[in-house]
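One structure is given below, encoded as structure tokens.
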Amino acid sequence: MTSTPAAHDPNKMAVLRRTQAVFSVLLVLFVSPLPCHNVPAYQKPVMVQQTGKVLPKPQMLTVSAEAYTLAMSGFKFTYGSSSQMCDIVDQAFRRYYDLIFVVDGVKKAPVVSKDMSELTELQIMVKEPCTGVYPSLESSENYTLTVAAPMGTLVADSAWGVLRGLETFSQLVYRTDDGMIIINKTTVDDFPRFAHRGILLDTSRHFIPIKYIKQNLDAMAYNKFNVFHWHIVDDPSFPYQSVAFPDLSAKGAFNPYTHLYTQEDVKDVIEYSRLRGIRVVPEFDTPGHTASWGAGLPGFLTPCYDGSAPNGKYYAANPMLNTTYDYMTKLLQEIKDVFPDKYVHLGGDEVSFNCWKSNPDITKFMEKMGFGTDYSKLEEYYIKNILDITTSVGRDYIVWQEVLDNGVQAKSTVGEVWFEHPTIQAVLERLTAKGYRVLLAAGWYLNHDVYNPGTDWSTFYKLDPRVFNGTQAQKDLVIGGEACMWGEYVDGTNLIARLWPRASAVAERLWSNKDVTSMADATVRMDEQRCRMVRRGLNAEPLHPGFCQFEYD
Amino acid sequence: MTSTPAAHDPNKMAVLRRTQAVFSVLLVLFVSPLPCHNVPAYQKPVMVQQTGKVLPKPQMLTVSAEAYTLAMSGFKFTYGSSSQMCDIVDQAFRRYYDLIFVVDGVKKAPVVSKDMSELTELQIMVKEPCTGVYPSLESSENYTLTVAAPMGTLVADSAWGVLRGLETFSQLVYRTDDGMIIINKTTVDDFPRFAHRGILLDTSRHFIPIKYIKQNLDAMAYNKFNVFHWHIVDDPSFPYQSVAFPDLSAKGAFNPYTHLYTQEDVKDVIEYSRLRGIRVVPEFDTPGHTASWGAGLPGFLTPCYDGSAPNGKYYAANPMLNTTYDYMTKLLQEIKDVFPDKYVHLGGDEVSFNCWKSNPDITKFMEKMGFGTDYSKLEEYYIKNILDITTSVGRDYIVWQEVLDNGVQVAKDTVVEVWKSNPSVPTEMARVTGQGLRAILSSCWYLNYIAYGEDWGKYYKCDPQDFSGTQAQKDLVIGGEACMWGEYVDGTNLIARLWPRASAVAERLWSNKDVTSMADATVRMDEQRCRMVRRGLNAEPLHPGFCQFEYD
């Protein structure tokens, strides 16, 4: 990473001035942006080198000094004779051919050196049938890549492993200043450390057009993320077009035509994801975070009271009515039909009891059920019903951690940790001790951006989901994590720049070996990955002063 | 502004949990994201309304309830019979016709109501000749706009006033849900509070492609900014292609072909700016912040020493050599030829004395000049020479405040840009104007510093004349600048990061000082953000909610 004096930092100067009297000796070091003594003179930023560094770093990688050229007309992807063949791999061949040979939107035939051997083929071997399959939590993503002229090989159990291997292959390729496309003799044996590597997008607080959702799916594939956690509805809006309850979006979307995900849109996103080995896990968060449901689903929310009279306000699903569970059964049945993933995220976070407490019918229901005045039992009652319904329609579920904290659930439940208190580690220890599988999101709230992205990605990078006090069995219950981009201040205008390449740090933490912790090495990969994403057409923001060979233009 | 509970704020929860034992009564208020009592229930964000609110708010604006329609085929801009005519206004006619009638990149013929009167013409009256002119600090931007069917009028002294008036006119126009294009009967009498309303872009720490510089100039025009402060070179790179010293960019740019502003590019930017009434003030910052100059201009930087031997490092212009001033004369002569604005920004900030102190030749020079060991005198000597050279080539100058802080005697017509806030912004402003010098404020408007959430309120509340001083001192404040330093900014994120946050600065610098209601400003900011998005700029959202036309 290049170093540069900060431009004009009024706050910095303020601090300096305040400490000036006391620390006059230190002042020389601090006040001088470009001192000639004691600290290095100003170094001109050097171009971020594209040298074929792979992010996330593979588990085992051996790169030799021997280099081969690739020619646009001479190179091909092929299937091995005993390989399975399918649409997923076919489509990937086309994408990666373009990623390797297209520069700045133009296919530029590279210069080929006669002095170097040429890599003319990458032969793919897929062991498992892959036609029409969807990725799952249990999918193998292992692959073995051997690059040696004239023909390299990529062997994987599944099409998903092929996708990961092709991404690695495309990253190993680099372009010299002379316009040659080069790949070194390389062997890679690779697999992910965690099975669930997700990005959460929130399409309720702002609508995100499909175009940017797809750009983000591209970026995810470039970083080997494999779960799109689609926080599709929440209080502000309900952009999901439900078949069973069309009024939910008709009355709950910001606009029922322009700010809507139609069934066609959702299918499109799921297929786009599938072809990139990305699961789409939709979140329908209840009983709280449901304000936008009210208009389109009358009777679903709880009427709030002032004294003995309803005050016209509503909050949270009404847990005492059978109709509530009828609605949810119908909706979850639809979700099962629309979203192929085995998991649905049921939310369950941040439930307030005020409205329930104000409602006399709920009070009576509490008495009848023997809940006393413990409204967490009412919440548990609601959640238990929803989990049972989900199971009955044939889906597994993920929930936010409150659900696990508030009551005993099935051991198959996956809990997503988002509290940092008392510490992330204490929460992980507590929940895994109860035997639950967990995902870590706390610590990776990338919507909370700070001035210096050069600093903040290192914080994400240093967070290891399995560093806490616990047995190996507990550690094994951590199945992955998610980088979250909540939508208060994010929409199509700034999503990609704000999320990337910062999320690449999370990508490496979730894929690479736990011993991959050198910040210096990671910085080199982060820099190259950022410039690579820019070259591929994504407006991934800069991490520090400097430049890429191909800028975003 | 819509209100919404924050999504999943782990820090918020931390506070709640930690205070739970102590403040159990308060907890009800805080822990509930959506309580039914005491605080309002959750309100669904409503669409940001496009109702023809103008930002920055005009000095005098009267809008009547009477509304007119505009038709694509029926509407025209015309010159009044005694008006001056020129390219600036001609080009603006075309731009604003598009801005009014184009939605989502497509010209959509609006629905016209037969029940409403139609505005068929806006007649422009420019008093001063405007062919080929450039805007200046002294330019009049006043205009009077009268919208009444069938023909409105826009009267201004200069083409610049016409540009500001056309921007206002285009903002008064709005589109109904039925697809009608509407403007209310309106009179506007408007002028800027401050003459210098700038945006600083830093193209040295990252190269910013011309495409995004132009997008930013568009955004500036939409917000009535009138100065592009082009911090074109600095330590990291020298992307300006100099005619006199081509090696400066050949050896100092990140890449001498792809990360370069050619003379053609610079001309293009200046012309694009001129047509929008925007001055281009280039900054060539010396004697510090010049690391990128070294390779292309050998001998310009001071060799640093370890003991009695040069250590191979260089820092800052060498103030003791005549060649340094020869170089600067030649460069400033070129700058005068290339940049038409009367002002050049000479920098002068953040000069360290360490290297100068280490150099024995400089030590001898200090003795010879009788500076003793006061290196600020050496800095003053350098700066004084540069200011004199600048005057001799026929340019006025702006400098960062250190030049003044360090005691350099400057001419009374020097403009000082205040960027420090220690001990306080008002103190700095009072000190500079107390010396009778004109001041530009940027301390409170470093928009490159970002924080989570909605932060434009603090920019809005900063008033450059809010300090203790005489009226004469207040009058010496000629404006301010929103700065976007380039450590973490390039083409990938410039527009989203700068806009609409800079719109808050725009209004502070244009509108009357009494325009301070945050509630009113919020409505204008929201509409302005959605307007910029509709016009094709990726201005980022200020809070949850939505625009009719999103960025797509």
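Chain letters run A, B, ... following the sequence lines, proteins first and then strands; every chain starts at 1.
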Flag the one option from [options] with the top tally of heavy-atom pairs under 4.5 Å to chain A.
{"options": "B:Asp490, B:Ile210, B:Asn255", "answer": "B:Asp490"}
{"options": "B:Gly453, B:Ala496, B:Cys483", "answer": "B:Gly453"}
{"options": "B:Ala451, B:Ser204, B:Ala539", "answer": "B:Ala539"}

- Run the salt-bridge test on B:Lys420 and B:Glu428 with the 4.0 Å N-O cut-off and return the result as yes or no. no

- So which part of B:Cys547 gets closer than 4.5 Å to some heavy atom of chain A, the side chain, the backbone, both or neither? backbone

- With sequence neighbours left out, what residues match B:Asp552 under salt bridge (charged side-chain N to carboxylate O under 4.0 Å, His left out)? none

- Item | salt bridge (charged side-chain N to carboxylate O under 4.0 Å, His left out) partners of B:Lys251, counting only residues at least two apart | B:Asp247

- Task: Look at the rings of A:Trp486 and A:His231 and say which category their plane angle falls in: under 30° parallel, 30 to 60° tilted, over 60° perpendicular.
- Result: perpendicular

- Message: Given heavy-atom pairs under 4.5 angstrom as the criterion, report whether the side chain, backbone, both or neither of A:His206 touches chain B.
- Response: both

- Which portion of A:Val534 sits near chain B, non-hydrogen atoms under 4.5 angstrom: side chain

- Query: What is the distance from atom CD of A:Glu541 to atom OH of B:Tyr488, rounded to the nearest 0.5 Å?
  - Reply: 10.5 Å

- Answer yes if the side chains of B:Tyr452 and A:Asn447 hold a donor-acceptor pair under 3.5 Å, and no otherwise. yes

- Closest-packed option against chain B by number of heavy-atom pairs under 4.5 Å, given A:Leu495, A:Thr493, A:Asn539: A:Thr493

